Amino acid sequence: MPAYKRILLKLSGEALMGDDAYGINRATIVRMVREVQEVTALGCEVAVVIGGGNIFRGVAGGAVGMDRATADYMGMLATVMNSLALADTMRQEGMTARVMSALSIDQVVEPYVRPKALQYLEEGKVVVFAGGTGNPFFTTDTAAALRGAEIGAQIMLKATKVDGVYTADPKKDPTATRYATLTFDEAIGRNLAVLDATAFALCRDQKLPIKVFSIFKPGALKRVVLGEDEGTLVHV
Ligand SMILES: Nc1ncnc2c1ncn2[C@@H]1O[C@H](COP(=O)(O)OP(=O)(O)OP(=O)(O)O)[C@@H](O)[C@H]1O
Ligand SMILES: O=c1ccn([C@@H]2O[C@H](COP(=O)(O)O)[C@@H](O)[C@H]2O)c(=O)[nH]1
């Protein structure tokens, strides 16, 4: 039995590169989709937000010298590309997925309409929310928190490149240690940058817990959904 009826899963865009330098690695996206399929098979309703870090970030090197808002819109378009790739891979794996975008690109993708998203979830379809929040100066972590709250998800799951929340960035500080649990106020107060502060604050205010775990660990998503000990829980 899944521990949650409905989840919002935030997938790392950057992880989609696999061992490549850029873009979408085929084997990696298929592996991610199969992990999602495992939890839909448990009867869990799944909504997904995927980042754009494998293609473009408004604050990264490729955007140097650009107007920030323009660069951010490019980043949001990158998330639309990743979302389309994800939904197409789901289709190939026998799943039914719908992409809904916060940015209006009618020829390419359906617009985000909350009641329609809720209907899809109730029908057992996976909903992929594309285009972030639709606003510059935000991130897909904040989009995940926002959509998670809107759809009444019981938890936001951040599947990322590290296996939890650490006392400092474990990629920069090898002495950092992992928390099993911590509060939103601790995460914000200690400037723990595994999610941005806006996302932490929104989840705190909406009482939407977050689980951070590794996207690279086979079976980790299923273990989280089954309520087993995996990653770090951030709570009120
Ligand atoms: N205190 C911390 N604990 C854990 N990770 C941290 C911490 N501080 C910084 N990080 C870094 O945050 C990263 C995860 O956040 P980020 O949103 O950038 O990645 P992502 O999940 O790949 O997102 P995207 O979808 O944008 O590509 C980790 O890879 C880790 O290096
Ligand atoms: O609501 C949003 C979401 C994202 N962006 C821009 O897209 C890129 C990619 O998203 P990541 O969360 O970093 O994967 C981000 O760097 C922003 O430039 C945005 O503007 N608004």
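Each ligand, and each atom within it, is numbered from 1 in the order the structure gives. Bear in mind the structure is a predicted one, so any value in this text is a computation, not a measurement.
- Looking at D196, T133, T198 one by one, the single match for side-chain hydrogen bond (donor to acceptor under 3.5 Å, both in side chains) with T142 turns out to be D196.
- Proximity of a side-chain donor or acceptor of D20 to a complementary backbone N or O of Y22 within less than 3.5 Å is not detected.
- With hydrogens and angles ignored, the 3.5 Å screen pairs no side-chain donor or acceptor of R98 with any backbone N or O of K125.
- At a 4.0 Å heavy-atom cut-off, the residues surrounding ligand 1 are K10, L11, S12, G13, E14, G51, G53, R57, D141, K158, T160, K161, V162, G164, V165, Y166, A168, D169, P170, K171, L192, A193, V194, listed by chain and number.
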With a 3.5 Å cut-off and sequence neighbours excluded, list the donor-acceptor pairs that the side chains of residues 48-66 form with protein atoms.
from, atom 1, to, atom 2, distance (Å)
N54, OD1, N82, ND2, 2.7
N54, ND2, G23, O, 3.2
N54, ND2, N82, OD1, 3.1
R57, NH2, E14, OE1, 2.3

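- A donor-acceptor pair under 3.5 Å is formed between the side chain of T232 and the backbone N or O of Y179.
- A distance limit of 4.0 angstrom between heavy atoms and ligand 2 selects the residues G51, G52, G53, F56, R57, G58, D72, G75, M76, G132, T133, N135, P136, F137, F138, T139, T140.
- For residues 100-110, every residue pair satisfying the salt bridge (charged side-chain N to carboxylate O under 4.0 Å, His left out) rule, not counting sequence neighbours, is listed here: E110-K116.
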Subject >> Criterion side-chain contact (heavy atoms from CB on, under 4.5 Å) on R114 and L118, from CA distance to verdict >> reply: CA-CA 6 Å; R114 179 174 173 267; L118 294 172; 3.9 Å; yes
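- Salt bridge status for E35 with K222: absent, with no side-chain N to carboxylate O gap under 4.0 Å.
- In this structure, E93 contributes its side chain and Q37 its backbone to no donor-acceptor pair below 3.5 Å.
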